[in-house]
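As structure tokens, the structure follows; a few thoughts come after it.
A note on names: the letters A, B, ... follow the listed sequences, proteins ahead of strands, and every chain is numbered from 1. Everything numeric in this text was worked out from a predicted model, so none of it was measured.
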Amino acid sequence: MLRMSTLFLRTLREDPADAEVPSHKLMVRGGYVRRAAPGVYTWMPLGKIVLDNVAGVIREEMNRIGGQEVLLPALLPREYYDASGRWTEYGDTIFRLKDRKGADYLLGPTHEELFTLLVKGEYSSYKDFPVILYQIQEKFRDEARPRAGVLRGREFHMKDSYSFDIDDDGLQRSYDLHRSAYIRAFDRLGLRYVIVSAMSGAMGGSASEEFLAETPTGEDTFVRSTESDYAANVEAVRTPAPPALPIEGQPQAQVHHTPDTPTIETLVDFFNAAGLGRTFTAADTLKNVLVKTRAPGAADWEVMGIGLPGDREVDMKRLEAVLHPSEVALLDEADFAANPFLVKGYVGPNALLHNKLRYYVDPRVVEGTAWITGADKADHHVMNLVCGRDFVPDGTIEAAEVREGDPSPDGRGTLYTARGIEIGHIFQLGRKFANAFELDALGPDGKPRRVTMGSYGIGVSRVVAAIVEQSHDDKGIVWPREIAPADVHVVGTGKGEQNEVALRIAGELEARGVRVLVDDRKGVSPGVKFTDAELLGVPTALIVGKGLDQGVVELRDRATGERAEIPLEAAVERVAAAVAGG
RNA sequence: CGGGGAGUAGCGCAGCUUGGUUAGCGCGCAUGCUUUGGGAGCAUGAGGCCGCGGGUUCGAAUCCCGCCUCCCCGACCA
């Protein structure tokens with residue numbers, strides 16, 4: 001039984017000055033957490049209970065799919081991260097330290113290396129696999145900008161698990177198991193979330209999905225459909241291609257003298273003023289954006305053209321995702337000087353194609369579409385340049401921005417953007433770490449097989465904040481019962497025997513297995529107790545107050561605000577029923 | 001790293017422009033009396049490196065120089 005009279009808790013009347021988002025404000029005001037350093041938080045007694053409850057749900061679901069819990073050190077020697085290349089790759093995000101002998105250590109940001117070595121040390125036969133190991137532990141990442149309380153901390157509680165399989169089918173099964181475990185866990189936690197594909201298909205091979213809790217304060221932007229349950233990261237959206245048009249019968253391409261029209265806007269105005277018997281919009285023009293790419297380790301940049309409708313911008317994040325792992329950059333003056341056939345502001349497809357540069361187009365640029373585009377000559381544009389007749393691109397590319405109102409890739413509804421908090425990530429790692437550490441198992445034929453891995457994370461402390469983001473009102477937190485710090489908040493008000501009766505009922509409830517928080521503080525006014533109860537957010541409240549003389553107490557539901565006067569002698573029964581039913 | 005804001009009691013803030021005697025208010029905390037169904041009242045208290053260092057001055061929370069830290073937006077990260 002938790003007693004407010006002795007509980008290590010101080011609620012705050014005012015929002016902390018450094019808090020912006022609701023979960024941060026409410027968790028600090030409710031005394032669930034206290035800031036210790038930037039991005040570093042102390043979990044107070046009630047917060048610790050909630051955190052453990054969330055971890056408990058995740059643990060149960062991990063065990064259900066056969067996961068085995070372990071606990072690895074957070075303090076790690078540099079050598080393993082050198083072997084995987086991540087000592088350098090992770091950059092400033094790693095917390096690094098030295099021991100007394102000057103040897104390098106780090107605080108674990110994630111544990112692929114050590115888990116791989118752990119399995120390598122124990123297992124060596126195909127018969128040992130598959131295996132799923134997980135831990136729930138503090139992680140450390142020196143984020144450039146920690147924010148929003150525990151939502152993005154530099155030290156945070158995380159469940160990370162790793163699957164080890166002998167072949168790709170096994171990896172797929174382990175991945176699917178995790179996916180189902182995450183769905184069950186997040187459902188039990190009462191979260192509203194979507195599962196989005198985390199990467200563009202162009203990256204090839206490794207599947208990865210993110211679980212995003214939908215909230216306006218989320219850091220990740222994703223799109224979803226108005227009509228279906230389609231949801232995806234912006235990087236992963238695939239633009240539906242319109243049907244091809246017949247080429248026959250289209251008018252011939254004509255070059256026009258178009259002075260002073262280096263931008264789409266000036267170009268459209270020019271053609272609309274030209275008296276051609278129709279009006280043009282930016283979407284009738286084909287904009288050719290020039291970029292350069294460089295493969296990892298390559299010395300030279302390669303210039304590349306991207307053709308897209310003139311009303312669209314290139315989304316560099318999408319482009320980078322598609323071209324990953326190559327780097328991308330815009331052309332500078334020196335690049336234009338090196339390629340004199342590129343006339344800035346008047347570049348057309350054929351300058352690129354005739355000079356053996358790669359030219360990719362937006363999926364909307366299909367065969368038979370006619371465009372106004374650059375004529376590769378200063379102050380000249382060409383009209384009715386038909387794709388498939390006058391130029392043939394090298395392929396399509398997903399580089400154009402995604403906009404609200406675009407058709408959904410699954411053909412149902414249109415897209416709109418939403419924001420979410422990444423609460424889980426499942427990832428088919430493949431053999432990257434197995435290769436780095438030569439993790440093999442002998443197959444039935446006596447030959448070594450390289451093991452394939454998956455890694456899967458849930459930000460436990462972040463989940464707590466995400467739940468608060470989704471479940472609060474202007475008075476405070478509204479905990480889902482499964483993770484609430486208590487099932488019932490018994491409040492004694494008044495100066496008579498109310499407190500004693502409250503404590504007695506609390507004891508009876510506890511004896512029946514109900515988790516009880518009782519406000520037995522003396523000399524604290526009812527208003528204070530009610531406001532605290534609402535701020536703390538325990539799902540059910542039982543008020544032992546002014547009705548006691550008439551033998552009644554009041555039952556309140558935090559989520560709905562419903563209140564009911566009930567006879568004192570029925571109180572324990574009614575609360576137990578509410579707890580069981582709610 | 002770029003832009004903006006801020007460091008004064010446990011929390012939230014005023015004071016700084018225009019230097020001045022004992023640095024103030026609300027909440028919280030302590031003691032006493034009253035009060036007890038929506039953040040009570042009165043009284044009396046405790047609690048301060050005014051971010052740090054230097055400078056100007058008879059005198060600095062206040063003016064000047066340098067530094068540090070935090071928050072927000074962006075970039076970056078996932």
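Note that A:K48 lies outside the cation-pi zone of A:W43, set by a 6.0 Å cut-off to the ring centre and a 45° limit from the axis. The cationic group of A:R403 does not satisfy the cation-pi geometry with A:Y416, failing either the under 6.0 Å distance to the six-membered ring centre or the 45° limit from the ring axis.
Residues meeting the ring-ring contact (aromatic ring centres under 6.0 Å, His included) test with A:Y81, sequence neighbours left out: none.
Here the separation of B:G48 from B:A43, taken at their P atoms, is 24 Å to the nearest Å. Comparing B:G38 with B:U21, their C1' atoms sit 46 Å apart, to the nearest whole Å. The gap from the C1' atom of B:G19 to that of B:C25 amounts to 22 Å, rounded to the nearest Å. Comparing B:G47 with B:C27, their C1' atoms sit 14 Å apart, to the nearest whole Å. Distance noted for atom C1' between B:C58 and B:A30: 41 Å (whole Å). Only the P atoms considered, B:G5 is 15 Å distant from B:A14, to the nearest whole Å. Distance noted for atom P between B:G24 and B:U69: 32 Å (whole Å). Using P as the reference atom, B:G2 and B:G39 are 49 Å apart when rounded to the nearest Å.
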For every nucleotide of nucleotides 67-78 of chain B, 5' to 3': is a protein heavy atom under 4.0 Å from its base (B), only from its sugar-phosphate (S), or from neither (-)? ---SSSBBBBBB
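As judged by a 4.0 angstrom heavy-atom cut-off over every strand, A:D532 is placed among the base-contacting residues. Base engagement by A:R563 is indicated by at least one non-hydrogen atom pair under 4.0 Å involving a base atom.
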Evaluate A:R10 against A:D532 for salt bridge (charged side-chain N to carboxylate O under 4.0 Å, His left out), listing each step before the verdict. CA-CA 10 Å; A:R10 188 108 301 153; A:D532 276 346; over 6 Å; no
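Interface remark: the A:R29 side chain does form a donor-acceptor pair with the B:G39 base, using a distance-only criterion of under 3.5 Å. The base of B:G38 lies close enough to the side chain of A:E534 for a donor and an acceptor atom to sit less than 3.5 Å apart.
What separates CG of A:L535 from P of B:G39 is a distance of 15 Å, to the nearest Å. Taking atom CZ on A:R521 and atom C1' on B:G28, their separation rounds to 12 Å, with Å as the unit. The separation between A:K25 atom NZ and B:G12 atom P is 13 Å, rounded to whole Å. At whole-Å resolution of the value, CZ in A:F530 and C1' in B:A40 are 14 Å apart. Distance CG (A:L536) to P (B:G39): 17 Å, rounded to an integer number of Å. Following rounding to the nearest Å, A:K495 (NZ) and B:U36 (C1') show an atom-to-atom distance of 7 Å. A straight line from CD of A:E565 to P of B:G37 spans 14 Å, rounded to a whole angstrom. Between A:D474 atom CG and B:G38 atom P there is a gap of 18 Å when expressed in whole angstrom units.
Distances shorter than 4.0 Å separate some side-chain N or O of A:S525 from OP1 or OP2 on B:A40. Applying the 4.0 Å criterion to OP1 and OP2 of B:G37, one finds that A:K546 has every side-chain N and O outside that range.
Salt bridge A:R29/A:E14: absent, no basic N to carboxylate O contact under 4.0 Å. The residues A:E69 and A:R59 are annotated as salt-bridged, a charged nitrogen and a carboxylate oxygen being separated by less than 4.0 angstrom. The pair A:R504-A:E508 meets the salt-bridge criterion, with a side-chain N (NZ, NE, NH1 or NH2) lying under 4.0 Å from an Asp/Glu carboxylate O. The pair A:R3-A:D519 does not count as a salt bridge, with every side-chain nitrogen at least 4.0 angstrom from each carboxylate oxygen.
The side chain of A:R556 approaches B:G38 more closely than any other nucleotide in the set B:C11, B:G38, B:A40. In this structure, of B:G38, B:G37, B:G39, it is B:G37 that holds the atom nearest to the side chain of A:I543. Side chain of A:R10, nearest nucleotide from B:G28, B:G12, B:A40: B:G28.
Other residues, nucleotides and ligands place no more than 12 heavy atoms under 6.0 Å from the NZ atom of A:K475. Within a 6.0 Å radius of CZ in A:R574, no more than 12 heavy atoms belonging to other residues, nucleotides or ligands are found.
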Let me check I have this right: for RNA chain B, each base becomes ., (, ), [, ] or |, based on Watson-Crick or G-U pairs with both distances under 3.5 Å. What is the full string? (((((((..((((......[...)))).((((((.....)))))).....(((((..]....))))))))))))....
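Just one of A:F222, A:F186, A:F427 meets the ring pair (Phe, Tyr, Trp, His ring centres under 6.0 Å) condition when paired with A:F211; it is A:F186.
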